[in-house]
Student: 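First the structure, which I've put down as structure tokens, then a few questions once you've had a look.
Below, chain A is the first sequence line, B the second, and so on; all start at residue 1.
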There are 2 protein chains.
Amino acid sequence: MSENVTMRDIAERLGVSSVTVSKAINDKEGVSEELRKKIKDLAAEMGYRFNTLAKSMKEGLFYNIGIIIPERFTGATQAFYMQFYQILNKVLEEYDYSGILHILSVEDEEELVLPRIYREKKVDGFIILGQLNIQYMDMFLDTGVSVVLLDFYNDQPEVDCVITDSFYGVYDLTNYLIKLGHRDIAFVGDIRATSSIQDRFLGYYKSMLEHDISFPEDYVIKDRDNKGKYIDLKMPAKMPTAFVCNCDQIAYHLVTTLQKQGYSVPEDCSVVGFDNDIFATLAQPNLTTVEVNMEEMSRSAASMMMRKIKDSSSSHGRVTVKGKIIYRDSVRDLRNI
Amino acid sequence: MSENVTMRDIAERLGVSSVTVSKAINDKEGVSEELRKKIKDLAAEMGYRFNTLAKSMKEGLFYNIGIIIPERFTGATQAFYMQFYQILNKVLEEYDYSGILHILSVEDEEELVLPRIYREKKVDGFIILGQLNIQYMDMFLDTGVSVVLLDFYNDQPEVDCVITDSFYGVYDLTNYLIKLGHRDIAFVGDIRATSSIQDRFLGYYKSMLEHDISFPEDYVIKDRDNKGKYIDLKMPAKMPTAFVCNCDQIAYHLVTTLQKQGYSVPEDCSVVGFDNDIFATLAQPNLTTVEVNMEEMSRSAASMMMRKIKDSSSSHGRVTVKGKIIYRDSVRDLRNI
DNA sequence: CTGAAAGCGCTTACAG
DNA sequence: CTGAAAGCGCTTACAG
């Protein structure tokens, strides 16, 4: 039914011009209310569907945003970024935009291959979700397309990005542990892997410094190899009373590992995570963690992007969105013992 | 750099027509190899990017497929369909198509609101990933757009869909349990919830029938309420030696529940799942399960869709893709006891 | 092998 | 309030 009805078809049936139909349907002025209603009614009756493409052609706008996620951050066990994408997509809908996903394969990232949606001009800009290697980033920025980085940043302060407040998130969380009487606190994460893990470590470090607590070198526990693959966690010589993990997934692994070694959580060791993703509630006990506010971050990124599309010279720099500590059952209060 | 280079720009610089440029760039005949090379080189030099929109306008093709997932099947704990989407998207790329995700909200599904990408004609067809309510389905099919159902089907045999072979998958799995000496085997799943759960139940039932094993009524254990929310599992009066679960997620919950009640898996009870998703390896012990072949299913769905786009009268009906049993550690061999 | 003309379905800017 | 003309960047069908 209703194969390809155009504005012209409606115009002809009503004996008006297609310009008038366009004005009526787009709620622009220059049409009497009476005619507008007649046109809209007929459009509905004829099963008219607006053709965004034709509008795009005129305006040079595509009403699509490319969303790039490096393959490394996807896969069966990594739902975090896909969930992020989902929320981002919903927010873009509110601007009448679609988010076209592009998973950047490991090879394409290494060989600096730009995504097809770039080469074929299908999008007005790109939101990059998850840290890319530096050369790829540089190439991308060189093309001059509108780019917003989401959940990471690079060393150029003028590049627009939206990040979660890793630093203060972990800082607050570590302060909380210290307030509950913990002193022997370890950090789990490869502090060279990504800028956000680094910031989380620095938040932990600041809290420790402020409370004048020193810690041995083996209290910084590496959790992945150079390829980002998780490795076995090496416990410190002196067992800490609490572990600050750079993400919930590794916290989940840590809890399992500890329990296998005969430790109880939180009785023997407390564990906190970051992200509030599926692993936070999968872990037994459920994890105290920092919730990443994906919705708010998506809103920031989307509105940044919209401004950039309208004015490509607009620049916003780094925007930080605060997370929220979610208190659950993985931390023990050491004060009244 | 290179703001909006068009074929005409290239043509003017070379003193040829844009028709020739078009032919050269699209590798169509009618251009000398020499000229073709010159044109391609200049295109690269000028940073030319092909404008798919203009082509779309001429052809009436959008080179996008809408992928609809009901909101119910998404969320932090349900990575399965998002993973499916990801694979589907990659397969569509091979056809130079993009998959535009649309999460269908619960309200839109109930109020029969068609997605914006339908109303604004941004796609050539829809792949629906996950069972929708009947009225919505009917409305969708009534519009006449190309639709392929993925991972479910309805009662109209002429509607194209690609499903995993639930029936034989569970049938094989149950046979396997019986071969290992199990006789008291329960099924976990609401057999009215979706057609695939029903088929899984029937596969179980067929295997039981064939082996002439009867089972009490409470061996069919409901796992969710009418809204699809998981509920507490009610154990049968007589404890089975094995449970066949309709999916890995519920199998994971079952394992946890059993362990809390003091049962060991697989020593006291064996448990098998379906899907081979994240929950299969999250469960301790890891689950024996049926792997859904998302890649093969995506390929079928994509190629079906491509044929429908070329010839809207083409029809393929129900296509079944076989899964594979993945043997892990959640089943006990009862034979030599 | 090469290209002039027409058109895909809209919108913008202008004239009446 | 209403509409004729031109154009967005391509491609198709045809002529030379």
Side-chain angles (χ1 to χ4, degrees), chain A residues 2-40 42-43 46-64 96 117 119-124 309-310, chain B residues 2-40 42-43 46-64 96 117 119-124 309-310:
Chain A
S2 65
E3 275 300 300
N4 243 7
V5 182
T6 69
M7 287 190 179
R8 170 168 293 151
D9 297 331
I10 299 172
E12 276 171 7
R13 282 261 297 250
L14 248 32
V16 299
S17 83
S18 63
V19 176
T20 303
V21 174
S22 170
K23 284 175 187 158
I25 283 177
N26 290 300
D27 287 323
K28 296 214 168 136
E29 46 185 28
V31 207
S32 67
E33 275 317 305
E34 207 192 323
L35 221 199
R36 188 190 300 280
K37 188 170 180 334
K38 240 161 94 181
I39 289 171
K40 283 194 170 182
L42 183 61
M46 293 174 74
Y48 171 74
R49 290 191 285 151
F50 186 82
N51 190 328
T52 320
L53 251 55
K55 187 189 183 195
S56 290
M57 279 287 294
K58 265 303 265 184
E59 295 181 341
L61 245 38
F62 302 86
Y63 295 100
N64 291 134
D96 279 355
I117 47 175
R119 285 178 277 122
E120 294 189 1
K121 268 200 198 175
K122 284 186 88 161
V123 299
D124 297 320
I309 288 170
K310 282 190 193 103
Chain B
S2 64
E3 274 301 300
N4 243 10
V5 182
T6 69
M7 287 190 179
R8 170 168 294 150
D9 297 330
I10 299 173
E12 275 171 8
R13 283 260 298 248
L14 248 32
V16 298
S17 83
S18 61
V19 176
T20 302
V21 174
S22 171
K23 284 174 187 159
I25 284 177
N26 290 299
D27 286 321
K28 297 214 169 133
E29 46 185 27
V31 206
S32 67
E33 275 317 307
E34 205 193 324
L35 222 200
R36 188 190 299 282
K37 186 169 178 343
K38 239 160 97 180
I39 289 171
K40 282 194 169 182
L42 183 60
M46 293 174 76
Y48 171 75
R49 288 191 286 151
F50 186 81
N51 190 329
T52 320
L53 251 55
K55 187 189 184 195
S56 291
M57 279 287 292
K58 266 302 261 183
E59 295 182 342
L61 245 39
F62 301 86
Y63 295 100
N64 291 135
D96 280 355
I117 46 175
R119 286 178 277 121
E120 294 189 2
K121 268 200 199 174
K122 286 186 88 162
V123 299
D124 296 320
I309 289 171
K310 281 190 193 105

Student: Taking side chain to side chain donor-acceptor pair (under 3.5 Å) as the definition, give me every residue that meets it alongside Ser17(A), ordered by chain and number, with sequence neighbours left out.
Tutor: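 Side chain to side chain donor-acceptor pair (under 3.5 Å) list for Ser17(A), sorted by chain: Thr20(A).
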Student: Can you name the side chain to side chain donor-acceptor pair (under 3.5 Å) partners of Lys58(A), sequence neighbours left out?
Tutor: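 Side chain to side chain donor-acceptor pair (under 3.5 Å) list for Lys58(A), sorted by chain: empty.
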Student: Does Tyr48(A) place a side-chain N or O at less than 4.0 Å from the phosphate oxygens OP1/OP2 of dG9(C)?
Tutor: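 For dG9(C), OP1/OP2 do not have a side-chain N/O of Tyr48(A) under 4.0 Å.
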Student: Where each pair must be Watson-Crick or G-U wobble with both distances under 3.5 Å, what dot-bracket representation of DNA chain D is obtained, with crossing pairs in [ ] and other-strand partners as |?
Tutor: |||.||||||||.|||
Student: My understanding is that only residues two or more places apart in sequence, or in another chain, count here; which of them pass side chain to side chain donor-acceptor pair (under 3.5 Å) with Lys37(A)?
Tutor: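 So Lys37(A) forms a side chain to side chain donor-acceptor pair (under 3.5 Å) with Asp41(A).
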Student: With a 4.0 Å limit, can you tell me whether Thr20(B) has a side-chain N or O closer than that to the phosphate oxygens OP1/OP2 of dG3(C)?
Tutor: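 Result: yes.
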Student: Mind listing the N/O atom pairs, protein and nucleotides 12-16 of chain C, below 3.5 Å?
Tutor:
from, atom 1, to, atom 2, distance (Å)
dT12(C), OP2, Lys28(A), NZ, 3.1

Student: Under 4.0 angstrom, heavy atoms only, what part of the nucleic acid is Gly30(B) near: base, sugar-phosphate, or nothing?
Tutor: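 Gly30(B): base contact, heavy atoms under 4.0 Å.
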Student: For the pair made of CD1 in Ile39(A) and P in dC1(D), what is the distance, rounded to whole Å?
Tutor: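 From Ile39(A) CD1 to dC1(D) P: 12 Å.
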Student: Run the side chain to side chain contact (heavy atoms under 4.5 Å, CB included) test against Asn64(A) and tell me which residues pass, sequence neighbours left out.
Tutor: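 Partners of Asn64(A) by the side chain to side chain contact (heavy atoms under 4.5 Å, CB included) criterion, ordered by chain and then number, come out as Ser98(A), Ile100(A), Val123(A), Ile100(B), Lys122(B).
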Student: Taking only residues at least two apart or on different chains, which pairs with a member in residues 12-26 of chain A satisfy salt bridge (charged side-chain N to carboxylate O under 4.0 Å, His left out)?
Tutor: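 Counting only pairs at least two positions apart or across chains, the salt bridge (charged side-chain N to carboxylate O under 4.0 Å, His left out) contacts touching residues 12-26 of chain A are Arg13(A)-Glu45(A).
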Student: Rounded off to whole Å, could you give me the CD-to-C1' distance for the Glu12(A) and dG9(C) pair?
Tutor: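 Value for this atom pair: 13 Å.
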Student: Atom CD of Glu33(A) and atom P of dT2(D): how far apart are they, to the nearest Å?
Tutor: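 Answer to the nearest Å: 11 Å.
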Student: Is there a side-chain contact between Ser17(A) and the phosphate of dT2(D), meaning an N or O under 4.0 Å from OP1 or OP2?
Tutor: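 No, outside the criterion.
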Student: Is there a side-chain contact between Asp27(A) and Arg36(A) in this structure, where contact means two heavy atoms from C-beta onward sitting under 4.5 Å apart?
Tutor: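 Touching, per the 4.5 Å side-chain cut-off.
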Student: Expressed as a whole number of angstroms, how long is the span from Met7(A):CE to dT2(D):C1'?
Tutor: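 Distance, rounded to whole Å: 16 Å.
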Student: Heavy atoms from C-beta onward define the side chain here; which of dT2(D), dG9(C), dG9(D) lies closest to that of Asn51(A)?
Tutor: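 Closest nucleotide among those given: dG9(C).
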Student: The criterion is side chain to side chain contact (heavy atoms under 4.5 Å, CB included); which residues satisfy it with Ala43(A), sequence neighbours excluded?
Tutor: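 In terms of side chain to side chain contact (heavy atoms under 4.5 Å, CB included), with neighbours along the sequence ignored, Ala43(A) is linked to Ile10(A), Ile25(A), Tyr48(A).
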Student: Mind calculating the distance between CZ (Arg36(B)) and P (dC1(C)) to the nearest angstrom?
Tutor: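 After rounding, the gap between these two atoms is 9 Å.
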Student: Report the distance from atom CG of Leu14(A) to atom P of dT2(D), rounded to the nearest whole Å.
Tutor: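 About 11 Å, once rounded to whole Å.
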Student: Would you say Ser32(B) reaches dT2(C)'s phosphate, i.e. side-chain N/O to OP1/OP2 under 4.0 Å?
Tutor: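 Answer is yes, contact under 4.0 Å.
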Student: Can you tell which of dC10(D), dT11(C), dT2(D) lies closest to the side chain of Asn26(A)?
Tutor: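 Of the options given, the side chain of Asn26(A) lies nearest dT11(C).
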Student: dG9(C) P sits how many Å from Leu53(B) CG, rounded?
Tutor: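 To the nearest whole Å, that distance equals 14 Å.
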Student: May I ask you to test the Lys121(A)-Asn4(B) pair for a side-chain heavy-atom distance under 4.5 Å?
Tutor: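 Sidechains of Asn4(B) and Lys121(A): in contact.
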Student: Rounded to the nearest Å, what distance is computed from the CG atom of residue Asn4(A) to the P atom of nucleotide dC8(C)?
Tutor: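 Whole-Å distance recorded here is 10 Å.
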Student: Met57(B) or Glu29(B): which one's nearest nucleotide on DNA chain C is closer to the 5' end?
Tutor: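 With Met57(B) and Glu29(B) compared, the 5'-side residue is Glu29(B).
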Student: Tyr63(B): which residues meet the ring pair (Phe, Tyr, Trp, His ring centres under 6.0 Å) condition with it, sequence neighbours left out?
Tutor: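 Once residues adjacent in sequence are excluded, the partners of Tyr63(B) under the ring pair (Phe, Tyr, Trp, His ring centres under 6.0 Å) criterion are Tyr97(B).
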Student: What heavy-atom pair brings Val31(B) and Ala24(B) nearest, and what distance separates the two atoms?
Tutor: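 Smallest interatomic distance, heavy atoms only, reads CG2-N, 3.8 Å.
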